[in-house]
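Everything below concerns the one structure shown next.
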Number of protein chains: 2
Amino acid sequence: MKQGTRRSGGTKGVRQARSDRSREQILRAALDLALEHGYQGTTMAAVSTRSGLPVGSVYWHFKGKEQLFVALLEHCYEVWLEIHSGPEGVRRKLSRGITGLSGADPEHHTKEEALLKAAAVWALSRRLGGLDEDSEVRAAYLRMRAEMFKVDVERITESVPADVTERFPDMPTKLTVLSLAFTDGFYVHANSEVHLDLDFGEYADLAARALEGLVDDFARRAAEER
Amino acid sequence: MKQGTRRSGGTKGVRQARSDRSREQILRAALDLALEHGYQGTTMAAVSTRSGLPVGSVYWHFKGKEQLFVALLEHCYEVWLEIHSGPEGVRRKLSRGITGLSGADPEHHTKEEALLKAAAVWALSRRLGGLDEDSEVRAAYLRMRAEMFKVDVERITESVPADVTERFPDMPTKLTVLSLAFTDGFYVHANSEVHLDLDFGEYADLAARALEGLVDDFARRAAEER
DNA sequence: GTCTATATGAGGATAGAC
DNA sequence: GTCTATCCTCATATAGAC
């Protein structure tokens with residue numbers, strides 16, 4: 001057994017336990033480093049140093065840098081799924097997404113969530129300094145992004161009045177896209193070191209108000225048609 | 001004279017003319033390559049090949065890769081300034097910004113504009129795979145971004161009703177930030193190769209409607225207070 | 001000013017002892 | 001499973017002839 005495959009079941013030997021711990025140490029180190037230096041900026045040597053394990057061990061657990069990051073993304077996605085359960089309206093979503101950028105809301109912004117946000121940028125096309133088209137990391141992230149989008153749509157659907165969704169079935173999808181665009185856009189701003197004086201809380205409110213206004217607009221139209 | 005300095009005036013010798021042409025060829029090659037492969041993906045060797053000039057020449061005209069890209073950004077910024085003159089409301093701005101993403105509006109989307117958009121991503125923090133904090137390219141871009149933001153605010157101010165700006169003086173700034181966030185957010189989406197079926201024209205309209213609703217909201221409030 | 005050959009350094013990955 | 005020494009590739013940059 002090697003690289004990624006784990007003992008299917010039964011008793012865990014002491015060696016196995018130690019191996020698992022090494023694996024986790026490596027992933028942990030990769031997570032920290034990736035948040036500090038990005039994908040390209042994270043070297044296998046650095047992962048080795050930070051994890052306290054030699055390079056050889058890293059390559060024993062993961063076939064290469066790509067596989068390491070795919071495993072890391074999978075871990076983060078699992079955490080994301082655990083956190084994001086239960087209904088959530090546009091307002092709350094925007095508030096979490098935008099306010100969280102200022103770092104003012106650390107308890108709701110885990111490292112894992114932060115990494116997924118960062119990965120969104122890594123996955124941008126090559127032209128933008130993103131990963132290669134055939135990168136496994138990129139492919140893995142895009143799969144997850146699609147899944148997360150679905151979850152978002154479902155949860156936003158629950159927050160939109162029934163008569164609106166009845167008349168405009170794709171409204172929740174549109175709202176999700178718009179609020180995602182908002183969040184991503186502010187994410188870019190927050191990481192551009194321009195306009196440091198932005199009050200993200202205020203903008204989250206403005207953004208929410210703008211989208212809620214849109215929903216009201218459609219609600220009015222739905223009501224008029226009766 | 002060397003590297004970036006140009007003859008101040010007077011008659012241009014034949015050698016000078018040829019040198020200028022070489023410089024332009026190099027910049028042109030860099031522009032094309034940067035749009036295809038990004039900053040990191042553009043190698044000096046490739047610039048040399050594409051421009052038809054040897055590596056040595058490239059390093060004669062520009063001290064290094066950073067200087068080359070700073071010069072490129074300056075060129076693009078000049079083009080941007082020429083294009084973006086005259087008033088422009090939020091709607092038109094969003095329409096240009098978002099619809100342009102689909103590539104459906106090529107005539108209004110020059111290579112230079114595209115490069116500035118790409119540079120916004122390059123300038124993201126190191127954690128996101130962006131340039132180093134002390135990168136000259138990054139610093140140059142951030143200066144330009146601040147300038148472009150100012151221009152945007154001025155032009156959006158002209159499109160907001162006078163009574164609103166009177167009562168809420170920072171409304172134009174907020175609108176600019178929101179519409180920039182929208183544009184940047186959709187830019188991320190457009191380059192993520194997810195939801196390829198997005199109708200950017202429709203979303204540009206929705207986004208514009210949402211922001212216009214916000215303005216109306218404030219206009220109502222301003223009116224009520226009289 | 002233009003060109004070729006080459007120095008330099010970084011990072012991903014492997015070999016093979018233990 | 002763990003560790004060390006080493007290889008390979010590739011990109012920036014320079015030296016120096018013309």
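Lettering of chains follows the sequences in order, A, B, ..., and the numbering in each one begins at 1. Just so it is clear, the values below take in all heavy atoms, side chains as well, and ignore hydrogens, waters and symmetry mates.
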Any side-chain heavy atom of Y187(B) within less than 4.5 Å of one from I98(B)?
-> no
Nearest heavy-atom pair of G129(B) and W122(A): which atoms, and what distance?
-> N-NE1, 4.3 Å
Taking 4.0 angstrom as the limit, do D205(A) and K174(B) come out as a salt bridge?
-> no
Donor-acceptor pair between H75(B) and R28(B) side chains, under 3.5 angstrom | no
Find the distance W60(B):CH2 to dT4(C):P and express it as a whole number of Å.
-> 18 Å
Could you check whether the rings of W80(B) and Y77(B) sit parallel, tilted or perpendicular, using 30° and 60° as the cut-offs?
-> parallel
In whole angstrom, give the distance that lies between atom OH of Y39(A) and atom C1' of dG11(C).
-> 12 Å
note: Q25(B), atom CD; dT2(C), atom P; distance rounded to Å ~ 9 Å
So does E24(A) pair up with R21(A), basic N to acidic O under 4.0 Å?
-> no
May I ask you to say what T42(A) touches in the nucleic acid, namely base, sugar-phosphate or nothing, with a heavy-atom cut-off under 4.0 Å?
-> sugar-phosphate
Protein-nucleotide distance (H61(A), atom NE2; dA13(C), atom C1'), rounded to Å | 17 Å
Separation of Q67(B) atom CD from dT12(D) atom P, in whole Å?
-> 14 Å
N/O (side chain, S22(A)) to phosphate O (OP1/OP2, dG1(D)) under 4.0 Å | no
Going by number, which of residues 121-139 of chain A have a non-hydrogen atom under 4.0 Å from DNA chain C?
-> none
Within a strict 4.5 Å, meaning less than it, do heavy atoms of the R50(B) and E36(B) side chains meet?
-> yes
Does the side chain of S57(A) get closer than 4.0 angstrom to OP1 or OP2 of dG1(D) through an N or O atom?
-> no
Which letter, B, S or -, goes with each nucleotide of nucleotides 13-18 of chain D from 5' to 3', with contact meaning a protein heavy atom under 4.0 Å?
-> BB----
Send over the distance from F62(A) CZ to dG12(C) P, rounded to a whole Å.
-> 15 Å
At their closest point, which heavy atom of H84(B) faces which heavy atom of R96(B), and how far apart are they?
-> NE2-NH2, 3.9 Å
Output yes when at least one side-chain N/O atom of S19(A) is less than 4.0 Å from OP1 or OP2 of dG1(D), else no.
-> yes
Whole-Å distance between dG1(C) P and I26(B) CD1?
-> 12 Å
Before accepting this row, confirm whether a basic side-chain N of the pair D132(A)/R138(A) lies closer than 4.0 Å to the acidic partner's carboxylate O.
-> no
